[in-house]
Peer 1: 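This is the structure, below, for whatever I ask next.
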Amino acid sequence: MTCTAKKCGIRFQPPAIILIYENEMKGKNRQRIMPVRNFSKFSDCNRAAEQLKNNPRHKSYLEQVSLRQLEKLFSFLRGYLWGQSLAETIEQFQRETTIDPEEDLNKLDDKELAKRKSIMDELFEKNQKKKDDPNFVYDIQVEFPQDEQLQSCGWDTESADEF
């Protein structure tokens with residue numbers, strides 16, 4: 001069955017992911033309710049999203065829904081289970097998915113580093129100019145002003161004896 005995902009949302013009571021899709025054979029919009037089972041306020045949203053996306057019953061319907069969107073929906077559910085308001089949950093999700101340029105990524109563990117890298121990859125893909133884009137310009141050349149004199153770093157001029 002071929003279907004095109006239109007909207008994806010969450011229902012809090014009883015917990016379920018709701019997908020509105022278009023059945024391409026019949027041309028009708030349909031709704032699929034996927035119940036969320038065994039999810040608590042201590043559950044991992046990423047793992048729950050992967051399990052739902054890889055579930056054989058829902059796999060063909062969730063092909064076009066990104067893992068990040070499912071993870072966001074599960075974080076809303078987890079925030080609801082913690083008793084947070086929707087605004088608090090959105091703010092917390094924004095903090096978790098925003099990259100701080102001053103953060104030292106060398107101090108993160110492997111799981112957090114992989115999460116940050118996936119966020120950066122997604123941001124790169126979103127901002128990337130492709131040949132099909134209307135604002136795409138091939139071979140942009142930019143002259144950078146040099147008002148100040150260039151300063152040397154000094155790190156490459158030191159001798160090896162000082163180490």
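In this chain, numbering begins with 1 at the start of the sequence shown.
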Peer 1: Nearest 0.5 angstrom please: Arg78 CZ to Gln92 CD, how far?
Peer 2: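 It comes to 6.5 Å.
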Peer 1: According to a hydrophobic-cluster definition based on side-chain heavy atoms being under 4.5 Å apart (Ile, Leu, Val, Met, Phe, Trp, Tyr only), do Leu19 and Val36 belong together?
Peer 2: yes
Peer 1: What residues, two or more places apart in sequence or in another chain, satisfy ring-ring contact (aromatic ring centres under 6.0 Å, His included) together with Phe42?
Peer 2: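 Expected list: Trp82.
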Peer 1: Quick one: pull up NZ in Lys72 and OG in Ser75 and give me the separation to the nearest 0.5 Å.
Peer 2: 8.0 Å
Peer 1: Answer yes or no: are there more than 12 heavy-atom neighbours, outside Asp110 itself, under 6.0 Å from its atom CG?
Peer 2: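 Result for CG/Asp110: open.
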Peer 1: Would you call Lys117 and Leu105 a side-chain contact if the rule is heavy atoms closer than 4.5 Å?
Peer 2: no
Peer 1: Does the side chain of Asn55 reach to within under 4.5 Å of the side chain of Met34, using non-hydrogen atoms?
Peer 2: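 Counting from C-beta outward, Asn55 and Met34 never come under 4.5 Å.
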Peer 1: Between Glu103 and Leu108, does a side-chain contact (heavy atoms from CB on, under 4.5 Å) hold up when you go through it step by step?
Peer 2: CA-CA 9 Å; Glu103 182 180 25; Leu108 298 176; 3.8 Å; yes
Peer 1: Hey, any chance Phe136 and Ile140 share a hydrophobic cluster, counting ILVMFWY side chains that come within less than 4.5 Å of each other, even indirectly?
Peer 2: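 No; tracing contacts between hydrophobic side chains, which count when under 4.5 Å, never links both residues.
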Peer 1: Please check if the side chain of Arg11 supplies one atom and the backbone of Pro14 the other of a donor-acceptor pair under 3.5 Å.
Peer 2: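 Such a contact is found between Arg11 side chain and Pro14 backbone.
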Peer 1: Mind checking ring-ring contact (aromatic ring centres under 6.0 Å, His included) for Phe39 and listing every partner two or more places apart, or none if nothing turns up?
Peer 2: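 In terms of ring-ring contact (aromatic ring centres under 6.0 Å, His included), with neighbours along the sequence ignored, Phe39 is linked to Phe74.
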Peer 1: How many angstroms lie between atom SG of Cys45 and atom CD of Glu96, to the nearest 0.5 angstrom?
Peer 2: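 The SG atom of Cys45 sits 8.0 Å away from the CD atom of Glu96.
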Peer 1: Report the residues that fulfil side-chain contact (heavy atoms from CB on, under 4.5 Å) with Glu88, sequence neighbours left out, ordered by chain and then residue number.
Peer 2: Gln84, Ser85
Peer 1: Any sub-3.5 Å donor-acceptor pair from Arg116's side-chain atoms to Ile99's backbone N or O?
Peer 2: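 A pair under 3.5 Å: no.
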Peer 1: Between Ile90 and Ile10, is there shared hydrophobic-cluster membership here, with clusters defined by ILVMFWY side-chain heavy atoms closer than 4.5 Å?
Peer 2: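 Yes, same cluster.
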Peer 1: May I have all residue pairs that pass salt bridge (Lys or Arg N to Asp or Glu O under 4.0 Å) and include part of residues 120-142, sequence neighbours excluded?
Peer 2: Arg68-Glu122
Peer 1: Holding to ring-ring contact (aromatic ring centres under 6.0 Å, His included), I want the full list of residues that pass it with Phe76, two or more places apart in sequence or in another chain.
Peer 2: none
Peer 1: Give, for atom CG of Leu77 and atom OG of Ser40, the distance between the pair rounded to the nearest 0.5 Å.
Peer 2: 9.5 Å
Peer 1: Indicate if Ile17 and Phe93 have the same hydrophobic cluster label, given that clusters are the connected sets of ILVMFWY residues with side-chain heavy-atom separations under 4.5 angstrom.
Peer 2: no
Peer 1: Should Leu67 and Leu52 be regarded as members of a common hydrophobic cluster, given that ILVMFWY residues are connected when their side-chain heavy atoms come within less than 4.5 Å of each other, either directly or indirectly?
Peer 2: no
Peer 1: Just grab all the salt bridge (Lys or Arg N to Asp or Glu O under 4.0 Å) pairs involving residues 27-49, residues at least two apart or on different chains.
Peer 2: Asp44-Lys111
Peer 1: Without swapping roles, check the side chain of Gln64 against the backbone of Ala5 for a donor-acceptor pair under 3.5 Å.
Peer 2: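 Judged by distance alone, yes, a pair lies under 3.5 Å.
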Peer 1: Hey, could you give me the CG/CD distance between Leu123 and Gln128, rounded to the nearest 0.5 Å?
Peer 2: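 Separation between the atoms: 11.5 Å.
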Peer 1: Give me the one residue out of Ile20, Val65, Ile18 that meets side chain to side chain contact (heavy atoms under 4.5 Å, CB included) with Cys8.
Peer 2: Val65
Peer 1: Could you measure the distance from the CD atom of Glu24 to the SG atom of Cys3? Nearest 0.5 Å is fine.
Peer 2: 7.5 Å
